[in-house]
Amino acid sequence: MKPDFKVYKSDRFDVEDTASLSLFLYPSSTFIFAKDKNGANIAIHQYPNLGWAELEKIIPSDLLLKQDVPAKAYVHSNIFSLVPGLLFQNGKEEHYLNFVGDIKGEQHYFSCALDSNNLQLVSCLPQSIKKSLEARFSEVSFFHGACSFLSYLFKERFNLIGQEILINFIDNYFYLAAFKDQELSLFNRFEVEEKEELLKYIFIAMEQLKFDKNHARISFFSLQEEEGMSKEWLEEYFHHVRVIKPHANQNYGNGFKNLKAEHLFEASWQMD
């Protein structure tokens, strides 16, 4: 049985124009972005019900993945750690992640630098997936999926107020970043099954950071409105709520208008 599959592409798409690929690998979905030599997106393949743990199922058959071009894989794993740049040492990634939880099986460890190397986001993925991608591509590099979100926040930090919480939803979980006086004070990922859990995690973050709920601003890049998480509902609990769209650093040709319906952060901004 073939996995569900969606295609977005430029009106002038030619697979031979693919110069690089960006793979965004979520727990329960996968997006493959094909870019031309100028870095513009020319095609996107989406697998709505196939997460990064099952990526090997589509590697032999996907048209874009058959192109041997430089590839970047952004893995939205729940195993990650932020390490201060001054303390970070290459080769110690497994040690840093041992504080996160029990990691089972043979893993490939990797990291990406953020905030002018002041932070390193460390993560891992199974060696089997790494080997499958390296068998397909001559050049492939790995990053945690939150790198794009955090890189955007660091770029925009001086547009934030003194107490700000920023949330990006993906499927049934979200990343929560809290900035105090333009400095990152908290970053984590939380799963939610009911909308009240969203409130719980925000209130816990505000309490930990001693934020004033009458002053702090809660900014959402996406909302699960089908689950009742509307801006109006949130305004019953918080004074300053906004739903915003990230500034774009991605270029597209004609043919991608339906992509907006996916509410995908990386469709606007990617850490390239």
Centroid-centroid under 6.0 Å between H215 and F238 rings: no
So which atom in M271 and which in S151 form the shortest heavy-atom distance, rounded to 0.1 Å? CB-OG, 3.7 Å
Using side-chain heavy atoms (C-beta onward) and a distance below 4.5 Å, is H76 in contact with L25? no
With distance as the sole test, does S10 use its side chain to make a donor-acceptor pair with the main-chain N or O of R12 at under 3.5 Å? yes
Hydrophobic cluster membership, with links at side-chain heavy-atom distances under 4.5 Å among I/L/V/M/F/W/Y: are L186 and F174 in one? yes
Donor-acceptor pair, distance only, cut-off 3.5 Å: does the side chain of N172 make one with the backbone of E191? no
Between K180 and S185, what is the shortest heavy-atom contact and its length? CB-OG, 3.4 Å
How many angstroms lie between atom NZ of K257 and atom CG of N254, to the nearest 0.5 angstrom? 10.0 Å
Please output the side-chain donor-acceptor pairs of residues 123-131 that fall under 3.5 Å, not counting sequence neighbours, one pair per line with the distance.
unit_1: S123; atom_1: OG; unit_2: I79; atom_2: O; d: 2.6
unit_1: Q127; atom_1: NE2; unit_2: Q107; atom_2: O; d: 3.3
unit_1: K130; atom_1: NZ; unit_2: E134; atom_2: OE1; d: 3.0
unit_1: K130; atom_1: NZ; unit_2: E134; atom_2: OE2; d: 2.9

How about K6 and H45: do any of their side-chain heavy atoms sit closer than 4.5 Å? no
Under 4.5 Å between any side-chain heavy atoms of K155 and W269, yes or no? yes
Step by step, work out the side-chain contact (heavy atoms from CB on, under 4.5 Å) result for F13 and V7. CA-CA 11 Å; F13 172 69; V7 176; over 6 Å; no
Would a hydrophobic clustering, with Ile, Leu, Val, Met, Phe, Trp and Tyr connected at side-chain separations under 4.5 Å, put Y175 with F190? no
Would a distance-only check, ignoring hydrogens and angles, find a side-chain to backbone donor-acceptor pair under 3.5 Å from Y96 to Q89? yes
Shortest non-hydrogen pair, H240 vs N214, comes out as NE2-O, 3.3 Å
Looking at side-chain heavy atoms only, is the closest gap between L184 and L153 below 4.5 Å? no
If you take all heavy atoms of Y252 and E266, which pair is closest and at what distance? OH-O, 4.5 Å
Using the rule that two of Ile, Leu, Val, Met, Phe, Trp, Tyr join whenever any of their side-chain heavy atoms come within less than 4.5 Å, decide whether Y237 and I218 are in one cluster. yes
Distance-only polar pair, side chains of Q120 and S111, donor-acceptor under 3.5 Å: yes
Give, for atom CZ of F221 and atom CG of N168, the distance between the pair rounded to the nearest 0.5 Å. 7.0 Å
Decide yes or no for I165 and I167: does some side-chain heavy atom of the first lie under 4.5 Å from some side-chain heavy atom of the second? yes
Start with the C-alpha gap between V15 and I42, add the side-chain angles, then the distance that decides, and say whether side-chain contact (heavy atoms from CB on, under 4.5 Å) holds. CA-CA 9 Å; V15 71; I42 55 176; over 6 Å; no
Student check: side-chain heavy atoms of F220 and I244 closer than 4.5 Å: no
Quick one: does E156's side chain have a donor or acceptor within less than 3.5 Å of a partner on Y152's backbone? no
In a table with atom names and distances, give each donor-acceptor pair under 3.5 Å that connects a side chain of residues 136-145 to protein atoms at least two apart or in another chain.
unit_1: R136; atom_1: NE; unit_2: L65; atom_2: O; d: 3.4
unit_1: R136; atom_1: NH2; unit_2: I59; atom_2: O; d: 3.1
unit_1: S138; atom_1: OG; unit_2: D68; atom_2: OD1; d: 3.3
unit_1: S138; atom_1: OG; unit_2: D68; atom_2: OD2; d: 2.8
unit_1: H144; atom_1: ND1; unit_2: A146; atom_2: N; d: 3.0
unit_1: H144; atom_1: NE2; unit_2: S77; atom_2: O; d: 2.7

Do L234 and M206 share a hydrophobic cluster, counting only Ile, Leu, Val, Met, Phe, Trp and Tyr and linking them when any side-chain heavy atoms are less than 4.5 Å apart? yes
Interatomic distance, CG@N188 vs CG@N78, rounded to 0.5 Å, equals 10.5 Å
If you group Ile, Leu, Val, Met, Phe, Trp and Tyr by side-chain heavy-atom gaps below 4.5 Å, do F80 and F265 land in one group? yes
R157 with D115: basic N within carboxylate O range, under 4.0 Å: yes
For residues L160 and R217, report the shortest heavy-atom separation together with the two atoms involved. CA-NH2, 4.0 Å
Would the distance check show the side chain of S81 and the main-chain N or O of V122 forming a donor-acceptor pair, the cut-off being under 3.5 Å? no
Aromatic rings F5 and Y47: how do their planes relate, parallel, tilted or perpendicular, breaks at 30° and 60°? tilted
Under 3.5 Å, is there a donor-acceptor pair between the Q163 and K213 side chains? no
If you apply the rule side chain to side chain donor-acceptor pair (under 3.5 Å), what do you find for N41 with Q250, and how did you get there? CA-CA 7 Å; N41 295 293; Q250 296 300 295; 3.0 Å; yes
Regarding E164 and S219, do their side chains bring together a donor and an acceptor under 3.5 Å, going by distance alone? yes
Contact summary for T18 and V69, nearest pair of heavy atoms: O-CG1, 3.5 Å
Quick one: does E197's side chain have a donor or acceptor within less than 3.5 Å of a partner on E194's backbone? yes
Is the distance between the ring centroids of Y8 and F256 less than 6.0 Å? no
Sub-4.5 Å side-chain heavy-atom contact between I103 and L97: yes
Spatial distance of atom OH (Y173) from atom CZ (F169) [nearest 0.5 Å]: 11.5 Å
Without swapping roles, check the side chain of N38 against the backbone of A40 for a donor-acceptor pair under 3.5 Å. no
Just verifying a value: how many Å separate F154 CZ and L114 CG, rounded to the nearest 0.5 Å? 6.0 Å
Output the distance between atom NZ (K231) and atom CZ (R242), rounded to the nearest 0.5 Å. 11.0 Å
So H108 and F110, side-chain contact (heavy atoms from CB on, under 4.5 Å) or not? Walk me through it. CA-CA 7 Å; H108 169 62; F110 54 89; 3.8 Å; yes
Hey, mind stepping through L21 and F33 against side-chain contact (heavy atoms from CB on, under 4.5 Å) and telling me if it holds? CA-CA 6 Å; L21 295 174; F33 283 63; over 6 Å; no
So E196 and K200, salt bridge (Lys or Arg N to Asp or Glu O under 4.0 Å) or not? Walk me through it. CA-CA 6 Å; E196 287 73 19; K200 177 184 73 173; over 6 Å; no
Tell me, do Q208 and I204 make a side-chain contact under 4.5 Å, heavy atoms counted? yes
Hey, does the side chain of E183 reach the backbone of F179 with a donor-acceptor pair shorter than 3.5 angstrom? no
